[in-house]
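Let me begin by presenting the structure, written as structure tokens, before commenting on it.
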Amino acid sequence: DTFRYLNPTTTGVYSWWAQRAVTSKQNNSGWRIDYWLVSDRLKAQVQASTMMDTGARRDHAPIVLDIDLGAE
């Protein structure tokens, strides 16, 4: 889990919010159900792993992985 690898103590960051409660995103009451997984061999090359702010979109936040494949 690249996000947790880079942000081991970060809380309150989610990639999904329930649609039954329209205010779940406004209240930041969600789940982090989307992940980028990499092998131990590649983890040192991970530069960033984030959730994109989706503005008014209320269900899923796209997740972004920045990995430097040229790094050793």
- Message: Measuring only between side-chain heavy atoms, which start at C-beta, is Trp17 closer than 4.5 Å to Gln26?
- Response: no
- Message: If I compare all heavy atoms of His60 with all of Ile33, which pair ends up nearest, and what's the gap?
- Response: CE1-CD1, 3.7 Å
- Query: Which value, rounded to the nearest 0.5 Å, describes the distance between Leu6 atom CG and Thr50 atom OG1?
  - Reply: 10.0 Å
- Query: Side-chain contact, heavy-atom cut-off 4.5 Å: Val46 with Asp66?
  - Reply: no
- Following the transitive rule for hydrophobic clusters with a side-chain heavy-atom cut-off under 4.5 Å over Ile, Leu, Val, Met, Phe, Trp and Tyr, establish whether Ile67 and Tyr5 coincide in one cluster. yes
- Query: Is there a donor-acceptor contact under 3.5 Å from the side chain of Arg32 to the main chain of Gly12?
  - Reply: no
- Transitive ILVMFWY side-chain link Met52 to Tyr35, under 4.5 Å: no
- Message: Taking the side chain as everything from C-beta on, heavy atoms only, tell me whether Val38 gets closer than 4.5 Å to Gln45.
- Response: no
- Message: Check this for me: does any side-chain nitrogen of one of Lys25 and Asp59 sit under 4.0 Å from a carboxylate oxygen of the other?
- Response: no
- Message: I'd like to know if the side chain of Asn27 reaches the main chain of Ser29, judged simply by a donor and an acceptor atom lying under 3.5 Å from each other, with no hydrogens or angles considered.
- Response: no
- Does the side chain of Val64 come within less than 4.5 Å of Trp36's, by heavy atoms? no
- Can you get from Leu65 to Val13 by hopping between Ile, Leu, Val, Met, Phe, Trp and Tyr side chains that sit under 4.5 Å apart? yes
- Message: Looking at every non-hydrogen atom in both residues, tell me the closest pair between Ser24 and Ala18 and how far apart they are.
- Response: OG-O, 2.9 Å
- Message: Please find the pair of heavy atoms, one from Ser49 and one from Thr2, that lie closest to each other, and give the distance.
- Response: OG-OG1, 2.7 Å
- Below 4.5 Å, heavy atoms only, C-beta onward: do Leu37 and Asp1 meet side chain to side chain? yes
- Between Tyr14 and Trp31, what is the shortest heavy-atom contact and its length? CB-O, 3.4 Å
- Message: Within the supplied structure, the quantity of interest is the number of heavy atoms (other residues, nucleotides, ligands) at a distance under 6.0 Å from Trp16 CH2; does it exceed 12?
- Response: yes
